[in-house]
Amino acid sequence: MLSLQHLVSIEDLSTEQVMALLERGLLFKNDQATFSLDSQTFVANLFFENSTRTHKSFEVAEKKLGMDVIDFHADSSSVTKGETLYDTILTMDALGVDVCVIRHPAVDYYKEMIESPSLSVAIINGGDGSGQHPSQCLLDLMTIYEEFGYFQGLKICIAGDITHSRVAKSNMQMLTRLGAQVYFAGPKEWYSEEFEDYGQHVELDAILPDLDVLMLLRVQHERHDGQTSFSKESYHQLFGLTQDRYQKLKSSAIIMHPAPVNRDVEIADALVEAEKSRIVKQMSNGVFVRMAILEAVLNGRQKKR
Ligand code: CP
């Protein structure tokens, strides 16, 4: 049975651990996995950036596993009085919380916590700024694995706001490790040196007919400091999935997007739930892969005792 101390970055997982989490997520999805807690177990979801999918699918996963979920809202907590993130986690640890799922705008916020000798709480990263989003990566991998049954040789294009996307970073690292051929598309100025080891920048129209997976990304207006050089309409026409581009995809290709979606920007409104779209499936798979992550982290805590 897989056990993890924390899950903060996808790169910390071995390929075997990734595959074990995907297989376990699929078992949870197909009602073929059982899990029972041997003692009361508390989890706190600490979201310092807004979230619908990550926050609520962790909560559903936690409740399905029988965990006690602690409610936390940063804006009604002592964070407003200057409490640091470390002190919030120290408090949760002192209260007997077993697992903290954290989303925070600071890249690598978790390093201080996992390196602290005073803390024993397990940390699951629900997204750190433009750093990592390991649970999103795992649910994306689960969706691709469910569709194709393998990763080796799949042609996958990550298209859009790669600069600001933690989803792009986690996915490019693990997809290339698993043998997929990764490409990047979207405004060329958003492609920088950090992507070169993982895949080349391509024109979406040129690569579309060859793709197995088109992974669209949200334009993260909130991280652009008002500097976005494209109107929504021009972005959609130049880089988005229009009806014309959809027709160029091969019959077996799928479309993904971590959501939330800017409709008619990254993807035409009518295509969000189109036949090739797996966007809703990604959200559903999030619950099951997060059950597998939580289970592995709880196994890790049992080992420590
Ligand atoms: N995909 C994702 O992280 O969505 P939320 O911001 O709604 O959690």
Contact summary for Val97 and Ala44, nearest pair of heavy atoms: CG1-N, 3.8 Å
Closest non-hydrogen atom pair, Met256 against Ile279: C-CG1, 4.2 Å
Mutual orientation of the aromatic rings belonging to Tyr150 and Phe148 [parallel < 30°, tilted 30-60°, perpendicular > 60°]: perpendicular
Aromatic Phe58 / basic Arg290 pairing, under 6.0 angstrom, 45° off normal: yes
Basic-acidic side-chain contact under 4.0 Å: Arg278, Glu146: no
Candidate pair Glu295 and Asn299, rule side chain to side chain donor-acceptor pair (under 3.5 Å), full reasoning: CA-CA 6 Å; Glu295 180 190 49; Asn299 288 339; 4.9 Å; no
Exam field: side chain Asp212 to backbone Lys155, donor-acceptor pair closer than 3.5 Å: yes
Crowding at NZ, Lys232 (>12 non-hydrogen neighbours, <6.0 Å): no
Under 3.5 Å donor-acceptor, Ser116 side chain and Glu112 backbone: no
Distance-only donor-acceptor check, side chains Thr84 and Asp87, under 3.5 Å: yes
Within 6.0 angstrom of Glu203 CD, more than 12 heavy atoms from elsewhere: no
Donor-acceptor pair, side chain of Asp264 and main chain of Asp269, under 3.5 angstrom: yes
CA sep, side-chain torsions, deciding dist, call: Val101, Phe47, side chain to side chain contact (heavy atoms under 4.5 Å, CB included): CA-CA 8 Å; Val101 178; Phe47 279 67; 4.1 Å; yes
Distance, nearest 0.5 Å, that separates CD of Gln243 from CD1 of Ile267: 9.5 Å
Inter-residue atom distance Leu46.CG - Thr88.OG1, 0.5 Å rounding: 7.0 Å
Straight-line distance of Leu7 CG to Tyr110 OH, nearest 0.5 Å: 9.5 Å
Closest contact, heavy atoms only, Tyr109 versus Ile124: OH-O, 4.2 Å
Centroid-centroid under 6.0 Å between Phe230 and Phe239 rings: yes
Ring centers of Tyr183, Tyr191 separated by less than 6.0 Å: no
Donor-acceptor under 3.5 Å (Ser51 side chain, Glu49 main chain): no
Donor-acceptor pair between Gln132 and Asp128 side chains, under 3.5 angstrom: no
From CG (Leu141) to CD1 (Ile10), nearest 0.5 Å: 6.5 Å
Charged N-O contact under 4.0 Å between Arg245 and Asp205: yes
Test applied, side-chain hydrogen bond (donor to acceptor under 3.5 Å, both in side chains); reference residue, Asn45; option that passes from Lys56, Glu62, Glu59: Glu62
Shortest non-hydrogen contact from Arg218 toward Pro260: CD-O, 3.0 Å
Test side chain to side chain donor-acceptor pair (under 3.5 Å) applied to Asn125 and Ser9, step by step: CA-CA 7 Å; Asn125 181 12; Ser9 171; over 6 Å; no
